[in-house]
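Worksheet: one structure, shown below.
Just so you know, ligand 1 is whichever comes first in the structure, and atom 1 is the first atom listed for that ligand.
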Amino acid sequence: MTNLIERLASIVGGRYVLRGDHADAEPYISEARGDYRSTPLAVVLPGSTDEVSGVVRACVDAGAAIVPQGGNTGLCGGAVAREGEVTVVLKRLDRVREVDTLNGTMVVEAGCILADVQSAARDAGRFFPLSLGAEGSCMIGGNLATNAGGINVLRYGNSRQQVLGLEVVLGDGRVWHGLNPLYKNNTGYDLKQLFIGAEGTLGIITAASVKIYPYPVRSRTILLGFSRLGACLELLSLAREESGDQLSSFELIPDIAMRAAAEHVEGCANPLADAHPWYILCQFATSSKVIPLDEMAEAFLERAYEAGLLSDAIVTASEAQERSLWRIREAIVAAQRMAGRSVSHDVSVPVSRVPELIERVTAALERVAPGVRPYPFGHIGDGNVHCNLLQPLDMNEASFVASKPLLRKTVYDIVLALGGSFSAEHGVGLLKRELMEAHKSPEELSLMRAVRAAIDPGGLLNPGKVV
Ligand SMILES: Cc1cc2nc3c(=O)[nH]c(=O)nc-3n(C[C@H](O)[C@H](O)[C@H](O)COP(=O)(O)OP(=O)(O)OC[C@H]3O[C@@H](n4cnc5c(N)ncnc54)[C@H](O)[C@@H]3O)c2cc1C
C-alpha cells in the first residue's frame with residue numbers, strides 16, 4: 001500500500017495525502033457525534049475533477065475502496081472510511097464556476113460550503129434555498145449526496161429538486177460531464193437523480209448545476225404558542241392559505257426544547273410571555289416589494305385565534321428580531337445535547353399524521369420506557385419530525401445506552417405503521433443499513449443492488465453503506 005500512497009501523492013501533491021494514522025487526518029476520520037471512527041489507509045485532498053479521476057484510478061488499480069467526504073457533518077456514518085480504505089475529501093474543489101441570473105442557474109463545485117453557495121447567489125441578487133443547521137460547514141456535494149432537506153423544503157423542495165445537472169467521477173475514474181443547465185430535458189433516464197441521495201455509493205459528485213430563485217427580500221417570521229398538538233395541522237393549512245402560499249418554513253418546537261434552549265444557550269429565552277406546550281416557528285417570505293406580508297400575517301393570526309387554535313403569537317418587525325427567533329430554532333439542537341444523552345430519529349410521515357406520530361410515540365414510551373423524555377421537533381410542514389428522546393433524569397448512562405434498541409424499535413414501528421419513512425433527510429449510511437434490509441421490499445432492494453452493480457461494477461465506491 002506504500003505504492004498507492006506514493007501514487008496518490010504524485011497525483012495531488014504530497015501535502016494533500018495524509019496517512020490515516022497521522023494527527024492531521026483527525027478531522028476526517030470520525031463523525032462529530034463520535035458514533036463512527038476508524039483509521040483509513042489515507043485521506044486524500046484532490047484539487048480538481050481530473051485529480052479526483054486520477055485518485056479513483058489509482059485506488060482501483062490498488063483494489064482500495066474509496067469513501068467520498070464533504071464537510072463531514074453527516075449523521076449516519078456515510079463519510080467514515082474503514083481500515084484499508086481511502087477517504088477522498090472534496091473541500092479543495094470550492095469554486096463557483098458560474099452564476100447565470102437570466103437562466104436561473106449556478107454551477108458550483110462539490111467542495112463549496114453551503115453558506116458560500118447561498119452567499120454567491122445572494123451577491124447576484126438571487127436565492128439558493130437549501131438551508132440547514134450545518135450550513136457553515138457542510139458542502140454542496142455532501143448535500144446532494146445525502147439529498148439534504150432543511151427548513152425551506154416546504155416551498156422549494158429538497159436537494160433533489162434543486163439540481164439540473166451534475167459532473168461525476170465514476171467508479172472506474174471516467175468523468176460523466178452531465179452539467180447541463182436545462183430546466184427541461186426529456187432524453188431518456190434521468191441519470192443525475194441516481195447520484196443524488198446515493199451517499200457516494202455510485203460516483204463522486206465534483207460539480208453541480210443548480211437552480212437559483214428571486215431573492216426573498218422581505219419576510220415575516222411568526223412564533224405561535226398553542227396547547228393542542230393537533231392544531232398544528234390547521235395552523236399549517238391556514239398559514240398556506242392566508243400567505244398566498246408564500247410560506248417557506250413551518251417548524252415545530254416542543255416546550256421541553258424551548259426550555260432547554262433558554263437554559264443552555266445564551267440569548268435564547270422564550271420571547272412569549274408564558275410557556276405553552278407547543279410552538280410553531282413559521283416564515284412568510286417574498287421577493288416582491290408590493291405583497292402585503294403584514295396584512296397576510298394579521299389575517300392568518302385573526303383566523304387562527306377565531307378558530308381557537310392559538311394561545312399567543314408574535315410577528316417579527318425587524319431583521320434583528322427574525323434572527324433572534326431563528327437562533328432559538330438552531331439552539332434547540334445544541335440544547336438537546338446539553339440536556340443529557342439522547343437517541344435521535346430523523347423520520348417522516350404524511351403531514352396529516354404528524355400529531356398522531358408524536359402522540360403515539362409518547363404513549364408507547366410511557367409503557368415501555370417510563371421517564372424517557374420525548375424531544376420531537378422539526379420541519380413538520382413537510383412531515384419530517386426529529387423524533388428524539390432524552391435520557392430519563394434518574395437513569396444512569398449505561399442503562400440508557402442499553403435501552404436504545406428498544407427505543408429505536410418503538411419509534412420505527414410506529415413510523416412504519418403510519419406509512420412513514422425511517423430516514424427523512426439524513427440518509428442511511430451505516431446507521432440505518434439494517435433498517436433497509438428489514439423494511440424495504442425484496443423488489444426494491446434487488447433493484448437498488450442491480451443499479452449499484454451496473455454503475456459501479458468494481459464495488460469500490462463507499463462499500464458497506466446504504467445497501
Ligand atoms: C447541526 C446539524 C444540523 C443538520 N441539519 C440538517 C437538516 O436540517 N437537514 C438535513 O438534511 N441534514 C441535516 N444535517 C445533516 C448533514 O448536515 C447533511 O446530511 C449534509 O448534507 C451533509 O453534508 P456534508 O458535506 O457534511 O457531507 P458528509 O458528511 O461529508 O458526507 C455525507 C455522505 O455523502 C457522501 N458524499 C459527500 N460528498 C460527496 C460527493 N462530493 N460525492 C459523492 N458523495 C459524497 C459521503 O460519502 C457520505 O456518505 C445536519 C447536521 C448537523 C451536524
* Structure fact -> Output for ligand 1, non-hydrogen cut-off under 4.0 Å, lists Pro68, Gln69, Gly70, Gly71, Asn72, Thr73, Gly74, Leu75, Gly78, Ala79, Leu90, Ala110, Leu132, Gly133, Ala134, Cys138, Met139, Gly141, Gly142, Asn143, Ala145, Thr146, Ala148, Gly149, Gly150, Glu199, Gly200, Gly203, Ile204, Ile205, His379, Glu425, His426, Asn462
* Kindly indicate whether a cation-pi arrangement holds for Arg122 with Phe128, taking the cut-offs as under 6.0 Å to the six-membered ring centre and within 45° of the axis. =>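 Arg122 over Phe128 ring: no.
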* Pairs meeting criterion side chain to side chain donor-acceptor pair (under 3.5 Å) with involvement of residues 53-76, two or more places apart -> Arg7-Asp61
* **His345 and Tyr412 aromatic centres sub-6.0 Å** => yes
* **Residue list, salt bridge (Lys or Arg N to Asp or Glu O under 4.0 Å) with Glu83, at least two apart or on another chain** => none
* **Listed once per pair and sorted, the salt bridge (charged side-chain N to carboxylate O under 4.0 Å, His left out) pairs that draw on residues 170-183, sequence neighbours left out** => Asp172-Arg174
* **Distance (rounded to the nearest 0.5 Å) between Asn147 CG and Phe195 CZ** =>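 So the gap between those two atoms works out to 15.0 Å.
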